[in-house]
Amino acid sequence: MLQLRRITRSYRMGTVEVPILHGIDLTILRGEYTAIVGTSGSGKSTLMNILGCLEQPSSGHYYFDARDITSLSDNERTDIRNVRIGFVFQQFNLLPRLSALQNVALPMVYAGYTRSERRERAEAMLERMGLAERMGNRPNQLSGGQQQRVAIARALVNQPELLLADEPTGALDSRTGEEVIELLSGLHGEGLTVVLVTHDPSVARRSGRIIRIQDGRITADSGHGAGPERQPGAGSDGRSRPWNAQHLPPP
Ligand SMILES: Nc1ncnc2c1ncn2[C@@H]1O[C@H](COP(=O)(O)OP(=O)(O)OP(=O)(O)O)[C@@H](O)[C@H]1O
Ligand SMILES: [Mg+2]
């Protein structure tokens, strides 16, 4: 599903280019659940941002379903990011002035849903996250765990094929973090491809595959744990959306 070939990324600091990722080669299969681990500053978020089309690599190629992302226009890349990829961050990144419902509905504006469709789908997704009673609350009126569940609802509402989570439990206490991990495991169980960054070895062990990054290089990879590439419930457009088809009204 995802292929990185000799991906590098460097940042310009004043007059010098500081290399961060040094030729990453990585293949992720549809349906896999991958954990990325490594010390602070090793390049995990940089790699996730490239996978999520939030950043472009300095060199190398990124193929998403065999399509070379690195050769696309900014608009084409934005479309892929909005519709096919969901992203969850450590600090939730919700818009503070919007309600939970409005936060979840927002990505659907760009995906071209009508207002009533957006409302209906955002409500269904928040209900699924156990937040039926909290839809009108703004982020500062929610607990950390609730905010992260709103963020996950927002990441899922366009029915992405890939969910990226950069330390999704990093800002949560261990019990709330556990609930979020349970939620992600459940989504993976329903067929969603998940890549997560974590500092927590017990979280990493529950994934199907652990990749270690050190100084911008992959230094260990437990290999494909989720079995061969599979496309459960792929729709007529060939996109796999098995995990929430029964929970949401059709697009
Ligand atoms: N926009 C930027 N400009 C310059 N340097 C950057 C930028 N973003 C990241 N870096 C540098 O790239 C390196 C890798 O950063 P990255 O955020 O990918 O690390 P990380 O593995 O996610 O760390 P952490 O576990 O602390 O989140 C760091 O040395 C960081 O200072
Ligand atoms: Mg990081």
Side-chain angles (χ1 to χ4, degrees), residues 2-28 32-64 69-70 74 77-78 80-81 85-94 139 144-145 147-152 154-155 160 162-174 176-178 180-181 183-184 188 193-222:
L2 309 178
Q3 276 190 306
L4 299 181
R5 288 293 168 260
R6 297 183 304 282
I7 290 284
T8 72
R9 176 72 167 129
S10 52
Y11 290 111
R12 178 171 290 281
M13 300 293 273
T15 54
V16 285
E17 285 277 319
V18 183
I20 303 296
L21 298 179
H22 306 263
I24 299 276
D25 281 305
L26 175 62
T27 301
I28 289 178
E32 268 188 334
Y33 182 1
T34 305
I36 297 178
V37 301
T39 52
S40 182
S42 55
K44 304 181 297 296
S45 294
T46 305
L47 177 60
M48 290 292 272
N49 291 343
I50 290 171
L51 287 174
C53 299
L54 298 169
E55 277 183 46
Q56 276 276 73
S58 302
S59 69
H61 292 275
Y62 172 17
Y63 302 93
F64 193 115
I69 298 284
T70 30
D74 283 351
R77 241 191 336 272
T78 302
I80 289 179
R81 188 177 67 218
I85 303 175
F87 212 125
V88 176
F89 304 89
Q90 178 171 354
Q91 297 301 337
F92 323 133
N93 292 16
L94 299 172
Q147 288 182 65
Q148 194 59 300
R149 280 184 283 147
V150 173
I152 293 170
R154 178 182 59 180
L162 171 67
L163 183 69
L164 301 173
D166 192 349
E167 300 205 44
T169 64
L172 304 176
D173 64 68
S174 57
T176 313
E178 176 67 25
V180 165
I181 293 303
L183 188 57
L184 297 182
H188 167 250
T193 306
V194 178
V195 182
L196 133 129
V197 170
T198 183
H199 276 115
D200 183 340
S202 71
V203 169
R205 272 196 299 274
R206 288 163 58 183
S207 69
R209 178 181 185 189
I210 301 179
I211 291 171
R212 178 170 299 279
I213 302 215
Q214 260 173 303
D215 294 329
R217 291 184 175 84
I218 293 177
T219 56
D221 181 352
S222 71

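Indexing begins at 1, ligand by ligand and atom by atom, following the structure's order. Hydrogens, waters and symmetry mates play no part in the numbers below; they use all other heavy atoms, side chains included. When a residue number appears, it is its place in the shown sequence, counting from 1.
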- Query: So do the side chains of His199 and Val37 get within less than 4.5 Å of each other, counting heavy atoms only?
  - Reply: no
- Sort and list the pairs that fulfil salt bridge (charged side-chain N to carboxylate O under 4.0 Å, His left out) and have at least one residue in residues 44-55, not counting sequence neighbours. Arg9-Glu55
- Query: What protein N/O/S atoms lie closer than 2.8 Å to the Mg ion (ligand 2)?
  - Reply: Ser45 OG
- Note: Gln214 and Ser42 closest approach over all heavy atoms is CA-CB, 4.2 Å
- Message: If you compare all heavy atoms of Ser10 against all heavy atoms of Ser58, which two are closest, and at what distance to 0.1 Å?
- Response: N-OG, 2.9 Å
- Query: Between the main-chain N or O of Leu162 and the side-chain N or O of Thr193, is there a donor-acceptor pair closer than 3.5 Å?
  - Reply: no
- Sequence-distant partners of Asp215, salt bridge (charged side-chain N to carboxylate O under 4.0 Å, His left out), two or more places apart: none
- Classify the ring geometry between Tyr62 and Phe64 as parallel (under 30°), tilted (30 to 60°) or perpendicular (over 60°). tilted
- Task: Inspect the surroundings of CZ in Arg212 and state if more than 12 heavy atoms from other residues, nucleotides or ligands are less than 6.0 Å away.
- Result: no
- Message: If only side-chain N and O atoms count, and only distance matters, is there a donor-acceptor pair under 3.5 Å linking Ser59 with Thr8?
- Response: yes
- Note on the structure: Sorted by chain and residue number, the residues having a heavy atom closer than 4.0 Å to an atom of ligand 1 are Tyr11, Met13, Ile20, Thr39, Ser40, Gly41, Ser42, Gly43, Lys44, Ser45, Thr46, Glu167, His199
